[in-house]
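For reference, the structure is listed below as structure tokens.
Each ligand, and each atom within it, is numbered from 1 in the order the structure gives.
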Amino acid sequence: MKSAEIREQFLQFFASKGHQIVASSSLVPHEDPTLLFTNAGMNQFKDVFLGFDKRPYTRATTSQKCVRAGGKHNDLENVGYTARHHTFFEMLGNFSFGDYFKRDAIKYAWELLTEVYKLPKEKLMVTVYADDDEAYDIWHKEVGVPAEKIVRIGDNKGARYASDNFWMMGDTGPCGPCSEIFYDHGEHIWGGPPGSPGEDGDRFIEIWNNVFMQFNRDEAGVMHRLPKPSVDTGMGLERISAVLQHVHSNYEIDLFQALIKAAARETQAADLDSPSLKVLADHIRACSFLIADGVIPGNEGRGYVLRRIIRRAIRHGYKLGARAAFFHKLVPDLVAEMGAAYPELVQGQTRIAEVLRQEETRFFETIEHGMAILEGELAALAAGCGKVFNGETAFKLHDTYGFPLDLTADICRERDVTVDAAAFDAAMARQKEQARAAGKFRMAAGLEYDGPATTFHGYEQLECKGTILALYKDG
Ligand code: ATP
Ligand code: MG
Ligand code: MG
Ligand code: MG
């Protein structure tokens, strides 16, 4: 079954259970400064959960565009390393606004997975929040999932492993305990079940999260009960497609294979298994959808995240052998795969390609020099068995060659090297101070003054550096 059909079956299943099919909202959250990009299906319904907004329906279903590259849920560093993470993905969801709660949510999920998608029951495992006996009993006594396939997991504060069964949209907003469904891709793949030491492996892959929305978390971290208990669920279309197409990695599904082939065509890469091709296939989706939704590459906030993703893509193309703008040439392939479901891609096609072309042409002017400096430093490190990349050099790369810190860090990571971020910060602060002092001097000397003077000629403007670092630090 193609991903397009899987998406459609999901929406139709919930429509048959009285859910209104609602269109995906923009990747740029509407009037929500707490959120960098839309990171889950529930975002567009945040105010409905909080009781501030009313809709003519109490049940909804969506296929929502999501980007997780910054903010609370940040998967940028996972792309290319795990079988299941993308920066852009589609989240299939069903929602109850004070209508049904745990019992129906669990039963719908099970029915869809085992009767519509016909997944073998023995391949599924579920988790429930540590003390959620109600959800446990529904899974065990009503649905019939055997005890050894149900794992209780708390919030990860103090927990032994990374998994977390308390879902939060961000530091504030609607949240609640959740129950997740995992698929066992088989013994031949490394990894352990959720809540075990091997849970970071890719054998048991989380496909669906059912959140029992009960609280609103405020800035002080205090939980307030929502007006009515609600349901918010999210299943990654790419992950369920991998399961239904009998492949392990999301990158092996129909949609990604087409993009990987296109990336290989444009970079002349011979090895279709190269992780860089996966990164390109992932990043062309994130970049194109972000541009379609109005984000443009820039030095601050959302625009800077987009710029970082584009530059990471260019660097992977460069690694494969590309020496001139190529990334924008993947846009038509993306439109061919996803334009039918997302008309904004078709409408924006020319503009998206042009924005990308300009951005990459600019970066191709400095990447060669930057890479030479970076490689030189890495070679010197390797000769002395060093493992820490000089922060001053990282700053120079950032300032003069347009290498965002996370790009340098990404390259270093491939060689098992970390960047001295403290020295990078210090170099940045020093330069700011010098620029400020130069401004003061000019004022004292009675020179014409129309704002803080800058003496460097790098890519980024001074004012935004704080933002850049802040973004980098919180992911
Ligand atoms: P993981 O633990 O694998 O990182 P998550 O717990 O962070 O996933 P949720 O916030 O629960 O994910 O989101 C709901 C669903 O969305 C997940 O069960 C998964 O199917 C999908 N999903 C989440 N993050 C990604 C991603 N980066 N790429 C693709 N699908 C994702
Ligand atoms: Mg995650
Ligand atoms: Mg998870
Ligand atoms: Mg989850």
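Under the 3.5 Å distance criterion, with hydrogens and angles disregarded, no donor-acceptor pair is assigned to the side chains of N94 and R59. Defined by atom type and a distance below 3.5 Å, a donor-acceptor pair is missing between the side-chain atoms of D254 and S241. Inspection of the E238 and S3 side chains reveals no N or O donor paired with an N or O acceptor under 3.5 Å. No side-chain donor-acceptor contact under 3.5 Å links Q9 and E5. Counted by atom type alone, S179 and N210 present zero donor-acceptor pairs between their side chains at under 3.5 Å.
For atom 1 (P) of ligand 1, the nearest non-hydrogen atom of the protein is H85 NE2, 3.6 Å. Protein heavy atom nearest atom 24 (N) of ligand 1, with residue, atom name and distance: R68 NH1, 3.3 Å. Protein heavy atom in closest approach to atom 22 (N) of ligand 1: F89 CE1, 3.4 Å. D75 OD2, 2.6 Å is the protein heavy atom nearest to atom 27 (N) of ligand 1. The protein atom (non-hydrogen) at minimum distance from atom 11 (O) of ligand 1 is N209 ND2, 2.7 Å.
Contacts with ligand 1 closer than 4.0 Å are made by no heavy atom of T87, backbone or side chain. At a 4.0 Å heavy-atom cut-off, ligand 1 touches H86 through backbone and side chain alike.
Coordination check, E180 versus the Mg ion (ligand 4): passed, since an N/O/S atom of the residue sits under 2.8 Å.
For the pair M91 and ligand 1, the shortest N or O to N or O distance does not fall below 3.5 Å. Among the atoms of H73, none of the N or O lies under 3.5 angstrom from an N or O of ligand 1. Here's the thing with N250: none of its N/O atoms is less than 3.5 angstrom from an N/O atom of ligand 1.
In summary, the atoms of ligand 1 found under 4.0 Å from a heavy atom of E180, numbered by their order in the structure, are 6 (O), 11 (O). Interface atoms of ligand 1 facing W167, defined by a heavy-atom separation under 4.0 Å, are 9 (P), 10 (O), 11 (O).
A salt bridge is defined here as a Lys NZ or Arg NE, NH1 or NH2 lying under 4.0 Å from an Asp or Glu carboxylate O, and R311 with E359 meets this definition. A salt bridge does not link K261 with D333: none of the charged nitrogens is closer than 4.0 Å to a carboxylate oxygen.
Using bins of under 30°, 30° to 60° and over 60° for the plane-to-plane angle, the ring pair Y183/H185 lands in the perpendicular bin.
Of the candidates E206, M169, E238, the one placing a heavy atom closest to atom 5 (P) of ligand 1 is E206. Looking at G236, C178, G234, it is G234 that brings a heavy atom closest to atom 14 (C) of ligand 1.
E206 contributes OE2 as its N, O or S atom closest to the Mg ion (ligand 4).
A cation-pi arrangement is absent between R55 and F45, since the terminal nitrogen or guanidinium carbon is not both under 6.0 Å from the aromatic centre and inside a 45° cone about the axis. With a 6.0 Å cutoff to the six-membered ring centre and a 45° limit on the axis angle, R415 does not count as a cation-pi contact of F389.
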